[in-house]
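Everything below concerns the one structure shown next.
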Amino acid sequence: MYERMLNKQEEPTISQMTAFCGENAELFTLLNEWLSQTYGSAQKITFPYGNHYGWGIAHRKKQKLLCNIFAEDNAFTVMMRLSDKQFDSVYSQVRKYTQDFIDNRYSCGDGGWIQYRVTCREQFEDIQKLLCVKCS
């Protein structure tokens, strides 16, 4: 369940990544398009962080990494870093599912990393809120 595209030897196309997301393919496309159109991010297919993360789309604004979006079987995961202040500013506006990710983030200096799995429209709306804070 939620397997990732782990074959480092074969770089997928965005179409293949979208198809891999299955029932959440539309949300995967919407999020990538929204980031590019709203924040002018550049998309690049990457295989970052080692063999367990798999293929994803890195969104950058100039040299700054906004997030990585990893295609998964019937889902996708957004990996991003926010400061404690940024997490605190949006905490009360998101659902319990999202608050659990924030509460259990991987701490890193001021803030931390989350790997947020999206499997439905409500989670999509919450990840948009987090990305708005990240990009503002």
Side-chain angles (χ1 to χ4, degrees):
M1 190 170 191
Y2 305 126
E3 292 83 16
R4 291 192 180 174
M5 302 177 91
L6 297 175
N7 184 351
K8 194 173 186 175
Q9 308 310 314
E10 293 182 35
E11 180 176 326
T13 64
I14 289 180
S15 296
Q16 290 169 322
M17 294 172 85
T18 302
F20 192 72
C21 293
E23 61 194 37
N24 285 290
E26 180 184 358
L27 295 178
F28 179 79
T29 298
L30 283 173
L31 188 61
N32 283 297
E33 289 175 352
W34 176 76
L35 279 166
S36 294
Q37 293 169 4
T38 306
Y39 297 105
S41 67
Q43 297 182 36
K44 182 174 185 197
I45 296 173
T46 61
F47 196 98
Y49 313 122
N51 294 332
H52 299 292
Y53 291 87
W55 289 102
I57 298 176
H59 281 269
R60 292 183 182 276
K61 177 110 182 189
K62 298 182 181 174
Q63 296 300 315
K64 181 182 178 185
L65 178 67
L66 302 177
C67 68
N68 286 293
I69 304 174
F70 295 98
E72 296 179 337
D73 185 21
N74 286 318
F76 58 92
T77 290
V78 179
M79 186 170 160
M80 62 187 296
R81 184 185 186 288
L82 292 175
S83 70
D84 289 332
K85 184 177 177 182
Q86 288 171 316
F87 280 124
D88 292 344
S89 73
V90 74
Y91 191 84
S92 65
Q93 302 166 34
V94 295
R95 293 167 179 83
K96 173 86 171 84
Y97 174 85
T98 307
Q99 290 174 346
D100 289 344
F101 277 94
I102 294 170
D103 292 341
N104 296 299
R105 65 186 173 261
Y106 178 80
S107 293
C108 177
D110 171 32
W113 290 87
I114 60 169
Q115 293 188 53
Y116 186 88
R117 178 167 289 125
V118 177
T119 60
C120 66
R121 174 65 71 173
E122 289 78 19
Q123 295 162 3
F124 176 83
E125 292 168 0
D126 275 2
I127 197 62
Q128 278 188 303
K129 290 175 187 172
L130 290 170
L131 285 163
C132 283
V133 169
K134 170 78 176 185
C135 298
S136 62

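Index from 1, following the sequence.
- Among residues at least two apart or in separate chains, salt bridge (Lys or Arg N to Asp or Glu O under 4.0 Å) pairs with a member in residues 83-92 are D84-R105.
- With sequence neighbours excluded, no residue satisfies side chain to side chain donor-acceptor pair (under 3.5 Å) with D73.
- The environment of E11 atom CD is dense: over 12 non-hydrogen atoms of other residues, nucleotides or ligands sit within 6.0 angstrom.
- Hydrophobic clustering of Ile, Leu, Val, Met, Phe, Trp and Tyr side chains at less than 4.5 Å, counting indirect connections, unites F47 with I57.
- Listed by chain and residue number, E122, E125, D126 satisfy the side-chain contact (heavy atoms from CB on, under 4.5 Å) test with R95 (two or more places apart in sequence, or in another chain).
- When the side chains of ILVMFWY residues are joined at heavy-atom separations under 4.5 Å, either directly or via intervening members, F28 and I45 end up in a single hydrophobic cluster.
- For Y39, there are no side chain to side chain donor-acceptor pair (under 3.5 Å) partners, not counting sequence neighbours.
- For the residue pair T98 / Y116, a side-chain donor-acceptor distance below 3.5 Å is found, with atom types taken as modelled.
- The closest side-chain heavy-atom distance from R121 to L30 is below 4.5 Å.
- Qualifying salt bridge (Lys or Arg N to Asp or Glu O under 4.0 Å) partners for K96, counting only residues two or more places apart in sequence or in other chains: D100.
- No side-chain N or O of E33 forms a donor-acceptor pair with one of T29 less than 3.5 Å apart.
- Nearest heavy-atom pair across L131 and M80 is CD2-CE, 3.7 Å.
- Considering every non-hydrogen atom in both P12 and M17, the closest pair reads CG-CG, 3.7 Å.
- Listed by chain and number, the residues in a side chain to side chain donor-acceptor pair (under 3.5 Å) with S89 amount to none (sequence neighbours excluded).
- In this structure, D103 has no salt bridge (Lys or Arg N to Asp or Glu O under 4.0 Å) partners at least two apart in sequence or on a different chain.
- Taking all atoms of both residues into account, the shortest heavy-atom contact from A75 to C21 is O-SG, 3.3 Å.
- Counting all heavy atoms, side chain and backbone alike, Q99 lies closest to S92 at NE2-CA, 4.3 Å.
- Looking at residues two or more places apart in sequence or on another chain, you find a side chain to side chain donor-acceptor pair (under 3.5 Å) between W34 and T38.
- The number of heavy-atom neighbours closer than 6.0 Å to OH of Y106, taken from other residues, nucleotides and ligands shown, is 12 or below.
- Between C135 and L35 the shortest heavy-atom distance is SG-CD2, 4.5 Å.
- Here the straight-line distance linking atom CG of N74 with atom CD of E3 works out to 9.5 Å at 0.5 Å rounding.
- For residues 45-56, the set of pairs meeting the side-chain hydrogen bond (donor to acceptor under 3.5 Å, both in side chains) definition, not counting sequence neighbours, comprises Y49-N68.
- In this view, Q86 and L82, S83, V133 satisfy the side-chain contact (heavy atoms from CB on, under 4.5 Å) rule, not counting sequence neighbours.
- Side-chain contact between T77 and I69 is absent, with no heavy-atom pair separated by less than 4.5 Å.
- Tracing side-chain contacts under 4.5 Å through hydrophobic residues (I, L, V, M, F, W, Y), one reaches V78 starting from I114; they form part of the same cluster.
- Within the 4.5 Å cutoff, side-chain heavy atoms of L31 are placed close to those of F76.
- Using a 4.5 Å cut-off on side-chain heavy atoms (C-beta onward), C67 and M79 make no contact.
- Contact detail for S36 and Q43: the closest heavy-atom pair is OG-NE2, 2.8 Å.
- Taking F87 as the reference, nothing meets the ring-ring contact (aromatic ring centres under 6.0 Å, His included) condition, with sequence neighbours excluded.
- Under the 4.5 Å side-chain heavy-atom criterion for ILVMFWY residues, no single connected hydrophobic cluster contains both W113 and I127.
- The closest side-chain heavy-atom distance from R117 to E72 is below 4.5 Å.
- Annotation for M1: hydrophobic cluster partners, listed by chain and number, are Y2 (ILVMFWY side-chain heavy atoms under 4.5 Å, direct or chained).
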